[in-house]
Protein chains: 2
Amino acid sequence: MAPELHQLLATFAGFGATENGGVCRLTGTPEDKAARDQFAVELAQRGLRLDLDAIGNMFGTALLASQSSDAVLVGSHLDSQPTGGRYDGVYGVLAGLLAVETIAARAAAMPGAARRNLVVVNWTNEEGARFQPSLTGSSVYAGTQSLEQALALADGNGATLGDALAAIGYRGTGALPLTPLRYVELHIEQGARLEDSATEIGLVEGAWSARKISVVFEGEASHTGPMPMPRRRDALRAAARCIDMLYEDLDEGAHASAARISVYPNSPNVVPSRVQVWFEIRHEDEAVATAIGDRFLSRIDSAIAPLGVSASIAIDERRGTALLDAAGVKIVERVADELGFSSMRMKTVAGHDALALQKRVPATLIFVPSHNGLSHNAHEFTAPEALDKGLAVLTETLWKMVTAE
Amino acid sequence: MAPELHQLLATFAGFGATENGGVCRLTGTPEDKAARDQFAVELAQRGLRLDLDAIGNMFGTALLASQSSDAVLVGSHLDSQPTGGRYDGVYGVLAGLLAVETIAARAAAMPGAARRNLVVVNWTNEEGARFQPSLTGSSVYAGTQSLEQALALADGNGATLGDALAAIGYRGTGALPLTPLRYVELHIEQGARLEDSATEIGLVEGAWSARKISVVFEGEASHTGPMPMPRRRDALRAAARCIDMLYEDLDEGAHASAARISVYPNSPNVVPSRVQVWFEIRHEDEAVATAIGDRFLSRIDSAIAPLGVSASIAIDERRGTALLDAAGVKIVERVADELGFSSMRMKTVAGHDALALQKRVPATLIFVPSHNGLSHNAHEFTAPEALDKGLAVLTETLWKMVTAE
């Protein structure tokens with residue numbers, strides 16, 4: 001057991017704690033600030049230098065090789081979903097912190113062994129719960145999203161990410177003054193494949209593709225009482241029909257959801273005039289995800305035309321399948337083997353900061369099991385022993401990376 | 001033409017005016033206060049005494065027969081839906097105001113003709129848009145809802161009706177010091193029967209029954225990505241299936257809607273764990289409305305059980321069919337005939353303050369046509385000439401009622 005890891009996880013679970021044992025730590029809120037402040041304290045206590053960039057990413061640097069301007073990065077995110085659990089994101093940040101501490105001590109005892117520096121990172125707004133889209137801090141750092149656009153992202157009340165970060169004191173003016181060579185992230189699986197196969201470590205080779213489509217349904221407001229049924233143009237009725245339809249026609253192996261809806265005017269006595277629904281379609285094969293989305297969109301008009309409702313596409317974001325660095329997978333595989341842990345190669349269905357980083361540097365993603373695959377839920381759970389194994393694999397993986405020739 | 005009526009309607013359409021020409025005047029808001037303040041000014045300018053009761057009902061009294069403690073009441077409501085039009089409610093209040101003014105002048109010129117007093121009323125929270133249920137002020141006055149419960153009604157943010165009224169200065173301490181004998185309300189139809197049959201005046205004999213059912217669907221939050229489809233317990237998917245189902249099995253002549261929905265956590269990446277939907281079923285025959293509701297509720301469990309979602313009934317409110325005062329219908333019918341206007345007997349599908357008042361005193365409801373039946377919509381429209389005819393019928397109806405032996 002690594003008691004410090006579990007103490008830290010318990011401490012951070014207090015920031016935004018919910019009644020049922022989960023956390024709600026949305027980006028740019030007082031709860032996010034509390035977790036960030038504590039992370040800054042933990043960095044300072046370990047002698048790590050903090051740099052804060054313009055999108056609020058927090059970098060904690062251990063200068064292991066002062067002659068080098070290169071660094072290996074490790075991290076994840078401290079923000080959560082409204083119904084978040086105690087592990088998603090924060091486990092990767094805190095395990096990264098402890099791995100850096102261990103490696104810094106080891107490097108101090110073996111002068112010259114470390115050939116590059118090590119940085120633990122908290123990426124801003126990974127979840128995309130308050131500000132869409134997700135993976136904001138890591139995408140800005142990777143250069144695939146502009147800083148300006150990211151700061152202008154607005155939440156449901158019109159507040160921008162830039163203002164929210166400034167309000168909690170985390171809209172920085174600095175930058176990490178080192179060149180990133182590699183990125184490593186440790187995360188709970190959020191699915192059930194590791195648990196179902198009793199495997200201790202997941203070696204993530206790449207990611208499923210995702211198609212995220214938001215559709216606006218436009219009808220006409222009228223009284224829910226006297227308005228004759230054939231004259232109604234009910235946007236919620238049309239949306240419900242399309243939500244149903246999404247699940248009717250899924251290919252083998254596809255995942256799909258309609259998880260967010262906005263209804264106007266949302267009064268019990270007014271036929272809804274405007275409804276927006278956020279749909280997701282995911283598949284290991286990008287062509288299949290694309291085809292499901294195309295088929296779904298092509299069926300909407302004929303499905304809702306009899307209701308007098310029209311539809312328009314507000315968002316159609318396609319995330320292709322992605323491959324993570326193959327060499328990194330082999331390193332982690334070897335480390336797991338050396339430590340005597342079972343491992344398996346797999347794909348991630350969920351998005352992660354590692355996928356954003358891979359656009360800039362070789363990135364590596366390591367999974368540990370999730371009980372029942374439950375995540376974005378207060379009852380999200382990974383056994384302490386499993387968390388410890390992940391930390392051990394992460395530490396030895398980072399050691400190989402900072403010491404490699 | 002009665003220019004004063006149209007000037008008044010235009011003035012009141014400015015309180016809570018929306019960009020597209022409608023109004024949003026929710027109970028207890030600054031917009032509601034502005035309309036109430038103006039109504040108080042209009043009463044004062046006509047020498048009518050204002051009494052304000054504890055639920056915010058405003059009574060403007062013309063003492064036509066000082067020897068009598070009895071009064072005929074006329075009125076409607078100044079609040080609106082979020083997508084309200086320029087006529088729903090406010091037309092009845094302002095036409096009532098002008099009818100009272102006309103009758104007061106006529107009574108002054110014919111001493112002894114008026115045998116009872118006349119009061120124009122603005123009833124609080126008829127719409128039930130911000131505070132559910134609707135018909136609040138008239139139900140409290142009629143004695144069918146307790147004042148305490150009414151003041152404790154909470155909006156979506158937890159603010160109570162009592163506090164909202166106090167905040168705008170309309171939680172009164174007075175009461176109408178007269179005994180109500182009759183109530184008369186003039187309103188736009190909000191359906192299309194009068195327009196479709198080219199009839200000028202609707203004589204409302206009674207109301208359809210309504211069954212209002214709110215169902216809570218409970219699933220389980222999880223990640224919309226990796227969670228295997230068979231393990232998901234998606235409360236929004238279940239709700240959409242039930243919304244669809246509501247319309248599949250409607251009897252001839254039934255009206256139904258699902259117009260309000262609340263989704264938790266409503267994040268694009270979290271399978272929804274809790275969804276509440278507000279359903280309405282209306283029919284002229286109460287037994288049919290009840291049977292549709294029973295059938296619908298009995299089908300829910302088997303429809304959603306395969307989704308791992310459970311349902312519970314949060315509200316099951318049944319408004320039986322109601323009859324309005326038959327003598328009142330005959331009076332209005334005679335008045336319309338004397339004025340040379342076509343009329344027809346009909347039922348109201350929508351709820352109205354007159355239906356709440358009928359529980360205490362004989363109540364009468366008069367309709368004028370609605371263009372295309374459109375209501376709770378910015379484009380709600382009744383031609384000025386049709387509004388004038390309604391005012392003329394209302395005035396002569398009230399004259400008969402205050403002068404009758």
Side-chain angles (χ1 to χ4, degrees), chain A residues 81-83 127-129 132 134 189-192 208 210 212 220-229 231-232 234 236-237 239-241 243-244 247 250 254-261 263-273 278 280 282 348-351 372-378, chain B residues 81-83 127-129 132 134 189-192 208 210 212 220-229 231-232 234 236-237 239-241 243-244 247 250 254-261 263-273 278 280 282 348-351 372-378:
Chain A
Q81 290 288 336
T83 56
E127 293 289 0
Q132 288 96 39
S134 55
E189 181 194 351
Q190 306 181 288
W208 282 27
K212 304 190 176 194
E220 183 178 63
S222 61
H223 196 303
T224 56
M227 187 57 134
M229 294 301 289
R231 294 198 194 189
R232 298 186 184 198
D234 185 335
L236 181 56
R237 184 175 175 184
R241 185 174 287 188
I243 291 172
D244 257 10
Y247 300 105
L250 286 182
H255 288 187
S257 61
R260 180 173 165 83
I261 188 169
V263 177
Y264 181 81
N266 211 26
S267 171
N269 296 318
V270 184
V271 173
S273 57
W278 283 257
E280 286 183 3
R282 305 186 194 230
T348 175
V349 185
N372 281 332
L374 208 57
S375 185
H376 290 182
N377 184 304
Chain B
Q81 289 288 336
T83 55
E127 293 289 0
Q132 288 95 38
S134 55
E189 181 193 352
Q190 306 180 288
W208 282 27
K212 303 190 176 193
E220 182 178 64
S222 60
H223 196 300
T224 57
M227 188 56 137
M229 296 300 289
R231 295 199 194 187
R232 298 186 184 199
D234 186 333
L236 181 55
R237 184 175 175 185
R241 185 174 286 187
I243 291 171
D244 257 11
Y247 301 105
L250 287 181
H255 288 186
S257 61
R260 180 173 166 82
I261 187 169
V263 177
Y264 181 81
N266 212 26
S267 171
N269 297 317
V270 185
V271 173
S273 58
W278 283 256
E280 285 185 2
R282 304 187 195 232
T348 176
V349 184
N372 282 333
L374 207 56
S375 185
H376 290 181
N377 184 303

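Throughout, a chain's letter reflects where its sequence line sits, starting with A, and its residues are numbered from 1. Both backbone and side-chain heavy atoms feed into the values below; hydrogens, waters and symmetry mates do not.
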Max heavy-atom pairs within cutoff under 4.5 Å with chain A, candidates P265(B), P268(B), G191(B), goes to P268(B)
Compare all side-chain heavy atoms of M227(A) with those of L374(B) and state whether any distance is below 4.5 angstrom.
yes
Could you tell me if the side chain of R232(A) sits less than 4.5 Å from the side chain of H255(B), heavy atoms only?
yes
Any side-chain heavy-atom pair from E127(B) and S267(A) closer than 4.5 angstrom?
no
Donor-acceptor check, side chain of N377(B) to backbone of A221(A), threshold 3.5 angstrom: yes or no?
yes
Out of N266(A), V349(A), N372(A), V271(A), which one racks up the most heavy-atom pairs below 4.5 Å with chain B?
N266(A)
Under 4.5 Å heavy-atom distance to chain A, tell me which part of R241(B) shows up: side chain, backbone, both or neither.
both
With only heavy atoms counted, which part of A378(A) is less than 4.5 Å from chain B, the side chain, the backbone, both or neither?
neither
Relative to chain A, which segment of R237(B) carries a heavy atom at a distance below 4.5 Å: side chain, backbone, both, or neither?
both
Work out which heavy atom in P82(B) is nearest to a heavy atom in Y264(A); give both atom names and the distance.
O-OH, 4.0 Å
Okay, Q132(B) and chain A: the region with an atom under 4.5 Å from a heavy atom over there is side chain
Under 4.5 Å from any heavy atom of chain A, what part of V270(B) do you find: side chain, backbone, both or neither?
both
Atom pair CD1 (I243(A)) and CG (L236(B)), whose distance is rounded to the nearest 0.5 Å
4.5 Å
Looking only at heavy atoms and a cut-off of under 4.5 Å, which of R282(A), R260(A), E189(A) has the most pairs with chain B?
R260(A)
Is the shortest heavy-atom distance from the side chain of N269(A) to the side chain of E280(B) under 4.5 Å?
yes
With a 4.5 angstrom heavy-atom cut-off, could you sort out which part of Q190(B) is near chain A: side chain, backbone, both or neither?
both
What option among A256(A), A129(A), A254(A) has the most heavy-atom pairs under 4.5 Å with chain B?
A256(A)
Using heavy-atom distances under 4.5 Å, tell me whether D234(B) contacts chain A through its side chain, its backbone, both, or neither.
side chain
T348(A), I261(A), L250(A): which one forms the most heavy-atom pairs within less than 4.5 Å of chain B?
I261(A)
Looking only at heavy atoms, the pair that brings D244(A) and D244(B) closest together is OD2-OD2, 2.6 Å
In terms of heavy-atom pairs under 4.5 Å with chain A, which of A240(B), G373(B), P272(B) leads?
A240(B)
Check whether any side-chain heavy atom of T224(A) sits under 4.5 Å from a side-chain heavy atom of H376(B), and report yes or no.
no
Look at A239(A), S375(A), P226(A), S222(A) and state which one has the largest set of heavy-atom pairs under 4.5 Å with chain B.
P226(A)
